[in-house]
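Worksheet for the structure shown next.
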Amino acid sequence: MKVYSPETIEETTKILGKLKGNVHLLAGGTDLVVKVKEGTVLPENLINIRKLPLDYIKEEGNQLRIGALTSIETIHRSKPIRTYAPILSDAAGKMGSPQIRNLATIGGNIANASPAADTVPPLFVLNAQIVLKDQKGSRVIPIEKFFSGPGENVMRRDEILMEITFRKCAQSDEWFFSKLGQRKALAISKVSLAFRGKVNQNRLTDVSIALGAVAPTVIYAQRTARFLESKTFDSALIDEASRIIQEEASPISDIRSTSEYRRRMVGALLKQGLWELKAGVSPD
Amino acid sequence: MLIEVTINGILKSFETSPGEILLDLLRREGYKSVKRGCETGECGACSIILDGKLAKSCLLFAPQVSGHEIVTLEGMESFSKLHPIQRAFLDEGAVQCGFCTPGMILAAKTLLEGNPHPMEEEIKEAISGNLCRCTGYIKIIRAIKKAGEILKGNV
């Protein structure tokens, strides 16, 4: 294993452009180090990118920009993110444990392309854009086009994930992020659900829902979202939506759960979240 | 390759290799409070404080900490006097087999330094990455509360 520790982006993309054989980028290492130890990943070349200047959260007009090396804990505690993307802060706080959150980075959580990655459903409903860079220049990819399968993404081997950008949420946006795991800490999600929308005169509008761990990648539940916008926000709507969303999920059975359980829980998480939302916005 | 790292306030240099895990380096160099547990980032027995933040040494390659600062349990005693958190763990009987204790104490240290008045939920959150296989959590939580009181000067 040959290790490189570049200190600038230019140096990094140059190394990436030149290297033959397999290359792995080491950011927080909370997934990669375990895989290397288990032997499931055998890196010929390891590029430690931790020194790159990609640890930042910037506000620019109505946009937020998060550097790929920002830690999950920093995102959880960040004031701008709590204010303008509270769903992302909430999901970050539900990940791993303090030790993991201090090391793990948002870029790593995305690039790893786990269907169960907890920052990804919130980034879907935030309509986030992923900025990639190679030696020649940058390209921007909407997050829903970034993943191509479990553990797979559209990055070319000479590219580096630079930052994540999205529009700030409005104060009037309602949201919830629900995660179901074996226990609160250190559990990989069996199912996760991110919801964003507005409530206007007992109607839901601008609804966006993303589901984690129930398909080869995180997915939008578009049929459910459109259905929720179509009628009065009442118990019948909630019941029907939690039925429809189960049809949109295509979960598998694995070590963490069964497909049947995951499918039902997608409906349950939506139902629970919508009832809490309804109780919060209409005190009657 | 040679790395330099400050451990418990003392600058040290170690010969290591790119693939060596920090946990292995620390143990072979005599920092035996850093326990080898699951080695996959689940149990927290190998916890250290890296640049002021709690981290798991089984998830780091040794060269990654070159130029950084580490605190282990060995760095908490001063002149053979126990740190108030250690004292509180003893007084409250928060140690059963003792294997998780170094990690628990370091987790308590990072919590109490930023928040000397933690609520019970905040204590649980702070130690959520540390498993006690004896399940002695009640006394551990009690000890951390007491340590907070001692550090505030209330006891």
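In the text below, chain A, chain B and the rest are named by the order of the sequence lines, each starting its count at 1.
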> Roughly how far, to the nearest 0.5 Å, is the CZ atom of B/F61 from the CG atom of A/N48?
Replying inline: 9.5 Å
>> If you compare all heavy atoms of B/L59 against all heavy atoms of A/I100, which two are closest, and at what distance to 0.1 Å?
In response: CD1-CD1, 3.5 Å
> Non-hydrogen atoms of chain A under 4.5 Å away: do they reach the side chain of B/A126, the backbone, both or neither?
Replying inline: backbone
>> Under 4.5 Å from any heavy atom of chain B, what part of A/L32 do you find: side chain, backbone, both or neither?
In response: neither
> Does a sphere of radius 6.0 Å around NZ in A/K35 hold more than 12 heavy atoms from other residues, nucleotides or ligands, not counting ones at 6.0 Å or beyond?
Replying inline: yes
>> Taking CG in A/L19 as the centre, count heavy atoms belonging to other residues, nucleotides or ligands within less than 6.0 Å. Is the count above 12?
In response: yes
> Would one find more than 12 heavy atoms of other residues, nucleotides or ligands at under 6.0 Å from atom CG of B/L2?
Replying inline: yes
>> Taking side chain as everything from C-beta outward and backbone as N, CA, C, O, which of these in B/S47 sits under 4.5 Å from a heavy atom of chain A? Side chain, backbone, both or neither.
In response: side chain
>> Quick one: does any side-chain atom of A/N102 pair with a main-chain N or O of B/A55 as donor and acceptor, under 3.5 Å?
In response: no
> B/I127 versus chain A, heavy atoms under 4.5 Å apart: side chain, backbone, both or neither?
Replying inline: neither
> Where do A/P98 and B/G129 come nearest, in terms of heavy atoms and distance?
Replying inline: CD-N, 4.0 Å
>> For B/C58, is there any backbone N or O sitting under 3.5 Å from a side-chain donor or acceptor partner on A/K37?
In response: yes
> What do the steps show when you test A/V3 against B/M1 for side chain to side chain contact (heavy atoms under 4.5 Å, CB included), and what is the final call?
Replying inline: CA-CA 11 Å; A/V3 180; B/M1 65 189 293; over 6 Å; no
> Does a sphere of radius 6.0 Å around CD in A/Q182 hold more than 12 heavy atoms from other residues, nucleotides or ligands, not counting ones at 6.0 Å or beyond?
Replying inline: no
>> As a quick check of understanding, evaluate side chain to side chain contact (heavy atoms under 4.5 Å, CB included) for B/K53 and A/L103, giving each step before the final call.
In response: CA-CA 9 Å; B/K53 290 174 184 161; A/L103 291 177; over 6 Å; no
> In this structure, are over 12 heavy atoms from other groups packed under 6.0 Å from B/R133 atom CZ?
Replying inline: no
> Between A/S97 and B/K56, does any side-chain donor sit less than 3.5 Å from a side-chain acceptor?
Replying inline: yes
> Which region of B/L131, side chain (C-beta onward) or backbone (N, CA, C, O), has a non-hydrogen atom less than 4.5 Å from a non-hydrogen atom of chain A, or is it both or neither?
Replying inline: side chain
